[in-house]
Amino acid sequence: MSEKAENIQSSNALFFGLILYTFIYYTQIGGRLPFLGPFRVEFLVGSMMLAIAMFNIMTGKVPLNENRVNYATILFFTACAVSIPFALVKSRAVHEFISLFKFFSIYLMIISAVDSEDRVKFFFYTYLSMIALIFVEPFLLSLKGEGFRYNNHMMR
């Protein structure tokens, strides 16, 4: 198999993995199907996709120098990592760093998987549909009489 065909196949796998991860993460499938909760499906899929994305970035298949925002993002993330030892409450700083790392890892997956206008559109529509699910689902539940739920799972 030629190198170009291998790159396309790897890029396709990474792109569909990103779509799958977006779907799993925003639908919160582990909470909806209790038997999947202990397996942490979103963590497994996300870590596999992040490993593939990092491999592609490290091997030079993804050019980071096309956009200065990539360097600014990496610099910001590095500054956040360096600031942890200087934090007043280190456990809180590590917790926030992990939350920030999740967003940063999604950024790395996007820049390594989305490489054409059609993929941007497909990812954009998938992402918007998942965000719409988060905001529309409570209204649909209220039609069934279940209402809105707060973060502590109390009915409104």
Side-chain angles (χ1 to χ4, degrees), residues 1 3-64 66-67 69-85 87 89-116 118-138 140-141 146 149-153:
M1 182 180 292
E3 186 176 333
K4 184 176 182 180
E6 186 177 311
N7 286 345
I8 291 172
Q9 186 178 8
S10 172
S11 179
N12 285 340
L14 188 59
F15 179 70
F16 291 121
L18 173 65
I19 298 299
L20 177 69
Y21 176 71
T22 304
F23 180 77
I24 290 172
Y25 184 77
Y26 285 107
T27 57
Q28 302 170 353
I29 200 163
R32 294 173 191 271
L33 304 173
F35 68 93
L36 289 177
F39 297 115
R40 300 285 311 263
V41 179
E42 74 281 355
F43 178 74
L44 293 173
V45 173
S47 59
M48 286 189 312
M49 292 302 105
L50 182 60
I52 294 170
M54 289 301 297
F55 178 76
N56 286 347
I57 290 170
M58 296 294 184
T59 57
K61 293 178 183 176
V62 177
L64 289 178
E66 286 183 356
N67 194 345
V69 174
N70 294 338
Y71 290 126
T73 305
I74 291 170
L75 181 66
F76 174 74
F77 187 72
T78 305
C80 290
V82 169
S83 69
I84 290 175
V89 182
K90 289 176 182 43
S91 61
R92 176 75 178 172
V94 169
H95 177 71
E96 293 301 321
F97 180 75
I98 290 170
S99 297
L100 185 64
F101 181 72
K102 288 179 183 179
F103 289 114
F104 181 70
S105 62
I106 291 171
Y107 175 77
L108 290 176
M109 285 187 253
I110 290 170
I111 65 170
S112 61
V114 179
D115 58 358
S116 69
D118 291 336
R119 287 185 176 188
V120 169
K121 287 179 183 177
F122 191 79
F123 176 73
F124 185 70
Y125 290 133
T126 302
Y127 188 78
L128 283 181
S129 64
M130 293 298 105
I131 297 300
L133 174 73
I134 290 172
F135 287 110
V136 172
E137 187 177 34
L140 296 178
L141 288 175
E146 293 184 15
R149 296 183 182 271
Y150 286 115
N151 287 336
N152 57 359
H153 304 290

Under 6.0 Å between ring centres: does that hold for Y127 and Y26?
yes

Validation row: F23, I19 side chains within 4.5 angstrom (heavy atoms)
no

Rounded to the nearest 0.5 Å, how far apart are CG of L100 and CZ of F104?
8.5 Å

How long is the gap from CD1 on I111 to CG on N70, to the nearest 0.5 Å?
4.0 Å

Does any part of the side chain of V69, heavy atoms only, come nearer than 4.5 Å to the side chain of Y107, both counted from C-beta?
yes

Measure centre to centre between the rings of F101 and F77, then say whether the value is under 6.0 Å.
yes

Between CZ of F103 and CD1 of I98, what distance do you get to the nearest 0.5 Å?
13.5 Å

Any donor-acceptor N/O pair, R119 side chain to F15 backbone, under 3.5 Å
no

Nearest-0.5 Å distance that lies between atom CD in E42 and atom OG1 in T22:
12.5 Å

Taking all heavy atoms of S112 and all of L14, pick out the closest pair and write down the distance.
OG-CD2, 3.2 Å

Of all heavy-atom pairs between P34 and P38, which one has the smallest distance, and what is that distance?
O-CD, 3.5 Å

Specify the closest pair of heavy atoms between Y71 and L64, including all atoms of both residues, with the distance to one decimal.
CE1-O, 4.0 Å

Between F55 and K61, is there a side-chain heavy-atom distance shorter than 4.5 Å?
yes

Tell me the closest heavy-atom pair linking M49 and L18, and the distance in Å.
SD-N, 4.1 Å

Working to the nearest 0.5 angstrom, can you tell me the gap between Y21 OH and L50 CG?
9.0 Å

Return the minimal non-hydrogen interatomic distance between I84 and K90, and the atom names on each side.
O-CG, 3.9 Å

Closest contact, heavy atoms only, G17 versus V45:
O-CG1, 4.3 Å

Reported CZ-to-OG1 distance for the pair F76 and T73, which is rounded to 0.5 angstrom:
9.0 Å

Between E66 and P63, is any pair of side-chain heavy atoms under 4.5 Å apart?
yes

